[in-house]
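First comes the structure, then the notes that go with it.
Naming: A, B, ... by sequence-line order, numbering from 1 per chain.
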There are 2 protein chains.
Amino acid sequence: MGEKRQKRSSGNGDFTRNRVFEIAAEVFHRKGYDNTSMSDVASAAGLTKAGLYHHISSKESLLYTVLDYGLDLTEAYVIKPLEDISDPLDRLKTMIDLHLRLVLEERNLEVTGLLHECKTLSGSDRSRINRRKKEYIRMAASIIGEVTKKYNVKDVNPKLAAYALLGMLNWTYQWYKVSGSNTREEIVRTFQRIFLQGILGNAWIDRQAKVATH
Amino acid sequence: MGEKRQKRSSGNGDFTRNRVFEIAAEVFHRKGYDNTSMSDVASAAGLTKAGLYHHISSKESLLYTVLDYGLDLTEAYVIKPLEDISDPLDRLKTMIDLHLRLVLEERNLEVTGLLHECKTLSGSDRSRINRRKKEYIRMAASIIGEVTKKYNVKDVNPKLAAYALLGMLNWTYQWYKVSGSNTREEIVRTFQRIFLQGILGNAWIDRQAKVATH
DNA sequence: TCAGACCTACCGACCGATCGGTAGGTTAAC
DNA sequence: GTTAACCTACCGATCGGTCGGTAGGTCTGA
């Protein structure tokens, strides 16, 4: 947001367009999508409404772009890095870490926070977003399933556990303040402990004891 | 919702008013507050807009009433019953049970689900709602603190744990379907296990073993 | 090199629709 | 006849979106 205002010229279309997306994400997050008028977005971007509409086609498409970008972030910052981790428990532990770092980062929070209130999207747009969200849940449940299998935990439904975990992680946007008293590291540590000890029990406790003596 | 349409008459004011609140909660929940027009609420209640305004003073006050009622429900269905339970662990376990039963009940979901998107409220209304919400968080953290103290758990921050728990519980409104494959009982059992074993570890496992042999 | 065609980027003014809310009248019960 | 419970008809404001037009850069050909 610290970028200098560019002189009007041809050829910097993508620059302005991306700037519009960033600003729209911030304004939508701050005021809520429905409470944000296109004039609000325009003036926050240093444009008039007509000027804004030169870059986008509709308010809804603007929201869709922002939400889709939020899912791109999730893929880049969480899903992709996990592919390199072979041990299920390490993968799950890292997933909690990366997911929290994503949603607690101020710049990303503006985007990812919006993902939970996309009722406004209609038809195909909404189902495209929902499909990507469900894929993420599926991934989480799959990791949890591998972990419980490896440690022989029988009485945990992976899908339900995934819902519990995503609730813990995503709910942070309701209470986390960057300037608050909880550091990100403390949150990560606490949530990892609650969830992993929660599903694994003794297996987790033994492992922690082993790590401590090394 | 199954109530017969009443003939116009004097003296049934409270009846109609409460009906308006219930219907407004349902419509707000289904379409979102900002996307719901007062004509929508009115026609859902079998009134015209002017007729609706005979019973309420503004759209915002209507939302406030609904949210406040949601917190009344929480107090009646969760907070009050807990006061009779002296053992901290029992109290925490029961709280998870009651909270889930509250938010998974279709009729209440319409009201409690709205509590998470009250950005629209302005000034004193919002702070009044937020105060009651914070009181609930404080209560949860306090119970957790008692439990960890009793079982000598040192490395769990009760406030952070409370946020984790409320995340698990409240996030259900994002995925729970009454007709879905998970029964309420299964959800309650799983969430109790994950959270209680998550913060207590061996103490919880030992206790479960003891209960099983009795 | 320079005129002119063409482009992107943007603006002021405006549109139809819809919003929350109201003024003032009507009906029915007591 | 008073009053609660509604109605029809309307208001000003604001919404998402568009229109015609313009400033100024770029490309092309003579």
Whole angstrom value for the distance that separates [atom2] of [N] from [atom1] of [X]:
{"X": "B:Tyr53", "N": "D:dT8", "atom1": "OH", "atom2": "P", "result": "17 Å"}
{"X": "A:Glu60", "N": "D:dC15", "atom1": "CD", "atom2": "P", "result": "18 Å"}
{"X": "A:Ile56", "N": "C:dC10", "atom1": "CD1", "atom2": "P", "result": "13 Å"}

Hits for side chain to side chain contact (heavy atoms under 4.5 Å, CB included) against A:Thr48, two or more places apart or cross-chain, chain-then-number order -> A:Ala50
A:Ile137 meets the side chain to side chain contact (heavy atoms under 4.5 Å, CB included) criterion, sequence neighbours left out, with A:Lys159, A:Tyr163, A:Leu166
In short, side chain to side chain donor-acceptor pair (under 3.5 Å) pairs touching residues 80-90 of chain B with sequence neighbours left out are B:Asp87-B:Lys150, B:Asp90-B:Arg207
Closest to the [X] side chain: [options]?
{"X": "B:Thr48", "options": "D:dT8, C:dG21, D:dG16", "answer": "D:dT8"}
{"X": "A:Leu47", "options": "D:dC6, C:dG20, C:dC11", "answer": "C:dC11"}
{"X": "A:Lys49", "options": "C:dG12, D:dT8, D:dG16", "answer": "D:dG16"}

Residues that B:Ser43 engages under side chain to side chain donor-acceptor pair (under 3.5 Å), provided they are two or more places apart | none
Residues in side chain to side chain donor-acceptor pair (under 3.5 Å) with B:Ser127, at least two apart?
-> none
Distance test, side-chain N/O of B:His55 to OP1/OP2 of D:dC6, below 4.0 Å = yes
Are A:His54 and C:dC10 close enough that a side-chain N or O sits under 4.0 Å from OP1 or OP2?
-> no
Contact list (N/O, under 3.5 angstrom) for nucleotides 23-25 of chain C vs protein:
none

Check: C:dG21 base within 3.5 Å donor-acceptor of B:Lys59 side chain = no
State whether A:Glu146 and A:Arg91 are salt-bridged, where the test is any N-O pair (Lys NZ or Arg NE/NH1/NH2 against Asp/Glu carboxylate O) under 4.0 Å.
-> yes
Check each residue of residues 33-44 of chain B for a non-hydrogen atom within less than 4.0 Å of any atom in DNA chain C, then write out the ones that pass by number, or none.
-> B:Thr36, B:Ser37, B:Met38
Is the gap between the ring centers of A:His116 and B:Trp171 under 6.0 Å?
-> yes
Would you mind listing every salt bridge (charged side-chain N to carboxylate O under 4.0 Å, His left out) that reaches into residues 180-200 of chain B, with sequence neighbours excluded?
-> A:Asp155-B:Arg193, B:Arg101-B:Glu185, B:Glu105-B:Arg184
Residue list, salt bridge (Lys or Arg N to Asp or Glu O under 4.0 Å) with A:Lys31, at least two apart or on another chain = A:Asp40
